[in-house]
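Right, one structure below, let's go through it.
Each chain gets a letter, A, B and so on, in the order the sequences are listed, and its residues count up from 1.
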Protein chains: 2
Amino acid sequence: MGSLTEENYIKTIYNLSLEPGEVSVSELAKKLSVKLPTVTSMIKKLSVKKMVSYAPYQGIKMTEKGKKEALSIIRKHRLAELFLVKILKLGWEEVHEIAEQLEHVNSDRFYNRIDELLGFPKADPHGEPIPDVNGKVVSQKSIPLSQANVGSSVKISAVTNDEKLFLDHLNSKGLQIGDQITVKKKEEFDGSVSIINKSRKETMLSHQVVEKIWVEL
Amino acid sequence: MGSLTEENYIKTIYNLSLEPGEVSVSELAKKLSVKLPTVTSMIKKLSVKKMVSYAPYQGIKMTEKGKKEALSIIRKHRLAELFLVKILKLGWEEVHEIAEQLEHVNSDRFYNRIDELLGFPKADPHGEPIPDVNGKVVSQKSIPLSQANVGSSVKISAVTNDEKLFLDHLNSKGLQIGDQITVKKKEEFDGSVSIINKSRKETMLSHQVVEKIWVEL
DNA sequence: AATAAATGTTAGATTAATCTAACATTTTAA
DNA sequence: TTAAAATGTTAGATTAATCTAACATTTATT
Ligand SMILES: [Mn+2]
Ligand SMILES: [Mn+2]
Ligand SMILES: [Mn+2]
Ligand SMILES: [Mn+2]
């Protein structure tokens, strides 16, 4: 366990490493809202601690140690989010911010009890998988809504962004995890998608939205 | 809301201010495990922020603003402790440490929901009063066990220390909040007290212990 | 009242995390 | 294949929170 700041870097690097391509200093700087030299200096520190491997001008790669640490933080974050929704009855759009704080609480007893209380859940309120105590993740096979075929009926399994602004948008469209929807039309021009929602109403979703909604057949 | 460090100073100053006498720099330094100059420098900062009033070589006094802030942190701490015991089924001896972290979580929604879930409780697992949303505290009229008369039958209403070492000690003696006990004998020499516990067994408690157990008649 | 002990303050250094300005390397595009 | 743009690094400054060493004040004890 490093400092709160170190934990945030590790978690962010891990999340970026899941996307295709190298993890770059500028990408990290953007995500963490800090300047480039701040990242360079922190990366060096994390490199000394063997959380990442790094050589100047090369990308940033996580070590096994770093991945383990990242998964532990992500586990805490997602357990916290589900707890906030299931036990404290908060909305899925407001829990991420609180989980950003709770993920840094250092107590295995605390998180294992929450896990137990929730019945050892496999996914958080946004459909993202919750790593188990050993950092093992069970990932589902699903695709972004942007890639679903016109005419297909699919189930929303996850959203890959859990910030309030995005989720408030989905709330306003009446979309939830688990909803069965049908792809009506895909616009070539801007990548937007029209769907038929649970209540048989047609709704238009922009490209930025449909690439963040994951569905299964 | 200041930094985590500032919050810890404010809470500690407030707790010390409830004991008789001035709050001194050395007392604070001891409680926070920092050196004297560290305290002097932080007090100056808190003084600029109007959380305490301070003049060199005089004691430290809290302002109304500071008290309000302290009570908010203490409310969060005690709600967290009760939540950990009641909902997560942790022991009263292990919750203080976790609450030291949770008390810094910044979310009214989070704490108000916990308050609600617990039924707007009046006391934490150690019998200490929980300030309400407005910082109002309902304190009970009780006395330290060290001052109870020989022969009197009293009920344990609170303990004024919630660290593991102390509570493990009480656990080993089988003592809990709410227990009815009888004062059998008080030793003039060392201030120790013999009591008859709930299960009619006689137990000897040292002065350091009986001054931290509060009872009502 | 003088001295010693305890307590508190000031000065200056250190560490973590950040910044800006200047410089270096890599990538993209004439 | 050079010039420009983008990306990354180094150097040096800043702020928060801490420390040690030296000095000042207050309190206690002869
Ligand atoms: Mn989240
Ligand atoms: Mn989530
Ligand atoms: Mn406590
Ligand atoms: Mn308590």
Mind listing the side-chain donor-acceptor pairs of residues 114-122 of chain B below 3.5 Å, one per line with the distance, residues two or more places apart or on another chain?
{"from": "B:Asp115", "atom 1": "OD2", "to": "B:Arg75", "atom 2": "NH1", "distance (Å)": "3.3"}
{"from": "B:Asp115", "atom 1": "OD2", "to": "B:Arg75", "atom 2": "NH2", "distance (Å)": "3.1"}

Figure out the [atom1]/[atom2] separation between [X] and [N], and round it to whole Å.
X: A:Leu28; N: C:dT18; atom1: CG; atom2: P; result: 12 Å
X: A:Ile43; N: D:dT7; atom1: CD1; atom2: C1'; result: 15 Å
X: B:Glu27; N: C:dA6; atom1: CD; atom2: P; result: 17 Å
X: B:Leu32; N: D:dT18; atom1: CG; atom2: C1'; result: 12 Å

| field | Side chain of A:Val25 (C-beta onward), nearest among D:dC19, D:dT18, D:dT9 | value |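 When the side chain of A:Val25 is considered, D:dT9 is the closest of D:dC19, D:dT18, D:dT9.
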| query | Among D:dT9, D:dC19, D:dA24, which nucleotide sits nearest the side chain of B:Tyr57? | reply |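 Nearest listed nucleotide: D:dA24.
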| request: Please state whether the phosphate of D:dT7, meaning OP1 or OP2, lies under 4.0 angstrom from any side-chain nitrogen or oxygen of A:Ser24. | output: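 Negative; the distance criterion is not met.
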| request: Could you pull out all residues at least two apart from A:Ser206 that satisfy side chain to side chain contact (heavy atoms under 4.5 Å, CB included)? | output: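 A:Ser206: side chain to side chain contact (heavy atoms under 4.5 Å, CB included) contacts with A:Gln208, A:Val209.
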| said: Quick check: do A:Asp168 and A:Asn171 have side-chain heavy atoms less than 4.5 Å from each other? | reply: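 A:Asp168 reaches A:Asn171 side chain to side chain.
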Polar atoms only, N or O, under 3.5 Å: list the protein pairs with nucleotides 10-16 of chain C and their distances.
{"from": "C:dT10", "atom 1": "OP2", "to": "B:Lys44", "atom 2": "NZ", "distance (Å)": "2.3"}

| field | salt bridge (Lys or Arg N to Asp or Glu O under 4.0 Å) partners of B:Lys30, counting only residues at least two apart | value |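 Checked B:Lys30 against salt bridge (Lys or Arg N to Asp or Glu O under 4.0 Å); zero matches.
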| said: With nearest nucleotide decided by heavy atoms, which residue, A:Lys35 or A:Gln58, maps closer to the 5′ end of DNA chain C? | reply: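 Per heavy-atom nearest nucleotide, the more 5' residue is A:Lys35.
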| Counterpart residues, side-chain hydrogen bond (donor to acceptor under 3.5 Å, both in side chains), relative to B:Glu100 (two or more places apart) |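 For B:Glu100, the residues satisfying side-chain hydrogen bond (donor to acceptor under 3.5 Å, both in side chains) (neighbours in sequence not counted) are B:Lys11, B:His96.
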List the atom pairs, with distances to 0.1 Å, where a side-chain N or O of residues 135-146 of chain A and a protein N or O form a donor-acceptor pair under 3.5 Å, not counting sequence neighbours.
{"from": "A:Gln140", "atom 1": "NE2", "to": "A:Gly127", "atom 2": "O", "distance (Å)": "3.1"}

| request: Answer with base, sugar-phosphate or nothing: what part of the nucleic acid does B:Ser26 contact at a heavy-atom distance below 4.0 Å? | output: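 The residue B:Ser26 makes sugar-phosphate contact but no base contact.
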